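Given the structure is predicted, the values throughout are model-derived calculations rather than measurements.
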Amino acid sequence: MEKENKGFWRSAVSLFWGEKRSWTGPVSGTDHEGIMRLFNLGDGVTIPVSNETALSISAYLNCIVVLSEDVSALPCSVYQNTGKGKVVNREHHVHKLLHDNPNRFYTPCQFWRMQLWKTAAYGNSVNIIRRNGVGRAIEIVPVAKGDWALEVSKDGSSLLYTIHSVSKTYSADDILHYKRFEDGGLIGKSLVAYQKDMLGVGISAQKYAKRTYETQGGYDTVITTERKISDPAAEVLKKSINDTRSATVSSENKTLVLPEGMKLERMNFSPDEVKFMDTQKWNAQSVAGLFRVPLEMLGITENSNNSIAEQSVLNYVKFGLNPWLVMIEQENNKKLFREQEKGEYYTKFNLNALQRGDLATRTEAYAKMYDRGLLCGNDIMDMEDRPHYKNGDMRFIPVNNVVPLDKVEAYADSLINKQLTTKGNGKGAKGNQ
């Protein structure tokens, strides 16, 4: 049995890192990952736009890196509904699987980074759930992209995944399939499937830049004159200037004499360079908008300040990152828990580290929640990754000063008794008069 497991893992891991196979599953009929579509730019240049070539666009690659790195840094825990609130159940086998040890080859950080990378870049991330004799999930085995096929069972009641490397078919219940942007089908798609034209422009701009730098193309100098010169004369003049520039070395100064009435001017940016920079900026903004990633997180800080940047990050967590996390959490909840556990247990990523803002904002929020008895001191220490302190589990609410919750009733009784005593003393004094 152990020998069989080693063989299975060897095949799965080698395929993930190396061999790629085209997928032609019965459901889709075409391979959204393997077939390259051609995007004609209209100038005679044909640029291949695929999941692989799209990664050559800096903004596209950066967005996927940001998403995968951010998710890899978030702890994924198992929570239990106790009837009195939710608590992290660190002893549950699924918690140990997702939080501590997904499998024998990957740390949790490496595992989640890989899941987001494959899902964002290729549309799908497929993993085998290995279970023990009583049906508990004990290991999650990543499957290489292109190494799986999906089909509906003959009776139409279930989905079946065939893993080529191990020549085995699994029920959908034993497969974690993370996917985004599916359009009613069973297979996810990458954004490349929907934005080939826009991404094609980005790839074209990248190739233009590479070609320009390699060939030193473009014009950075212009000669102006009020006289009309013939084409042969213009070519001779251009060659003379280029030869002079080529012969110039840093240790020498060269003198260039131009015919009467001609002026040589250095251009800060050529028209092509300006057009290229505008295209790059537009493409970066478009890609960032697709992924809902702030431009500041891609290193584009133009027209940015601290307050805008902080709000952008909070919007990114809520609208950009959170949908990916919910997709993962729901797939985990559906596949990793046994039927009798569903509803009582669920998985969730901890976003506190990304949502807590700067120190001043956190301090103000903590103070308000502490004064209302919503947080105890040790709750705050947990969110700040600091150690607990003695009596830190006590909660307080404001009266004149904060009072422990378990003393509120006695404190209220003492106030009532004090008021009654004061009124009684007042009536007695008045009667004696």
Side-chain angles (χ1 to χ4, degrees), residues 32-33 36-37 39-42 47-74 112-113 115-125 178-185 187-209 274-328 349 351 354-355 357:
H32 295 298
E33 298 180 3
M36 298 206 311
R37 304 290 180 83
F39 170 68
N40 193 297
L41 300 176
I47 300 297
V49 182
S50 69
N51 293 327
E52 298 293 344
T53 58
L55 293 174
S56 67
I57 303 173
S58 298
Y60 189 86
L61 176 63
N62 281 343
C63 284
I64 295 178
V65 169
V66 166
L67 286 170
S68 59
E69 291 288 354
D70 284 349
V71 172
S72 72
L74 299 175
W112 291 121
R113 181 168 56 239
Q115 300 305 318
L116 256 292
W117 180 275
K118 291 169 66 178
T119 307
Y122 305 106
N124 300 272
S125 181
Y178 304 124
K179 57 181 181 290
R180 281 290 304 272
F181 310 120
E182 66 275 15
D183 53 4
I187 301 172
K189 294 183 179 180
S190 71
L191 288 173
V192 174
Y194 302 100
Q195 291 292 321
K196 286 185 178 294
D197 289 357
M198 183 270 288
L199 295 173
V201 173
I203 295 173
S204 177
Q206 299 276 107
K207 289 183 176 293
Y208 166 82
V274 174
K275 181 171 63 176
F276 168 72
M277 288 187 294
D278 288 342
T279 300
Q280 289 287 77
K281 185 183 300 184
W282 169 82
N283 199 259
Q285 292 172 342
S286 300
V287 172
L290 289 176
F291 284 100
R292 297 180 180 180
V293 173
L295 290 173
E296 294 85 358
M297 300 184 71
L298 303 183
I300 302 174
T301 57
E302 183 180 0
N303 300 323
S304 179
N305 57 56
N306 289 337
S307 60
I308 294 177
E310 182 174 346
Q311 186 59 46
S312 295
V313 171
L314 294 178
N315 288 338
Y316 156 71
V317 172
K318 184 176 181 180
F319 302 111
L321 186 61
N322 195 54
W324 293 90
L325 301 181
V326 171
M327 174 270 297
I328 293 175
F349 287 91
L351 283 167
L354 295 178
Q355 291 179 317

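Taking the side chain as every heavy atom from C-beta outward, Asn322 and Phe349 never approach each other to under 4.5 Å. Two residues are said to be in side-chain contact when any heavy atoms from C-beta on lie closer than 4.5 Å; Leu321 and Leu325 meet this criterion. Counting only heavy atoms from C-beta outward, the side chains of Asn62 and Val293 never approach each other to under 4.5 Å. Looking at Val66 and Tyr316, their side chains come closer than 4.5 Å, going by heavy atoms from C-beta outward. In this structure, Asn315 and Pro294 have side chains that are not in contact, with every pair of non-hydrogen atoms separated by 4.5 Å or more. Looking at heavy atoms from C-beta onward, Tyr178 lies out of side-chain contact with Leu116 at the 4.5 angstrom threshold.
Looking at Asn124, its side chain never comes within 3.5 Å of a backbone N or O of Lys179 through a donor-acceptor pair.
The minimum heavy-atom distance between Cys63 and Ala288, with the atom names listed, is SG-CA, 4.0 Å. The two residues Ala284 and Ala59 make their nearest non-hydrogen contact at CA-CB, 3.7 Å. Minimum interatomic distance between Tyr60 and Ala121 (heavy atoms only, all atoms of both residues): OH-O, 4.2 Å.
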message: If you apply the rule side chain to side chain contact (heavy atoms under 4.5 Å, CB included), what do you find for Met327 with Thr119, and how did you get there?
response: CA-CA 11 Å; Met327 174 270 297; Thr119 307; 4.1 Å; yes
CA sep, side-chain torsions, deciding dist, call: Leu74, Trp112, side chain to side chain contact (heavy atoms under 4.5 Å, CB included): CA-CA 9 Å; Leu74 299 175; Trp112 291 121; over 6 Å; no
message: Show, in sequence, the C-alpha distance, side-chain angles and deciding distance for Trp117 and Tyr122, and conclude whether the ring-ring contact (aromatic ring centres under 6.0 Å, His included) test is met.
response: CA-CA 8 Å; Trp117 180 275; Tyr122 305 106; 7.6 Å; no
Side chain to side chain contact (heavy atoms under 4.5 Å, CB included) evaluation trace for Leu61 with Ser56: CA-CA 7 Å; Leu61 176 63; Ser56 67; over 6 Å; no
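In this structure, Arg292 places its CZ atom where only 12 or fewer heavy-atom neighbours from other residues, nucleotides or ligands lie under 6.0 Å away.
Taking CD of Gln285 as the reference point, atom CG of Leu290 lies at 12.0 Å (rounded to 0.5 Å). Note: Leu67 CG to Met297 CE = 8.0 Å, rounded to the nearest 0.5 Å. If you take OG on Ser190 and CD on Glu52, they are separated by 10.0 Å, rounding to the nearest 0.5 Å.
Here the two rings, on Phe319 and Trp324, have centers that are 6.0 Å apart or farther.
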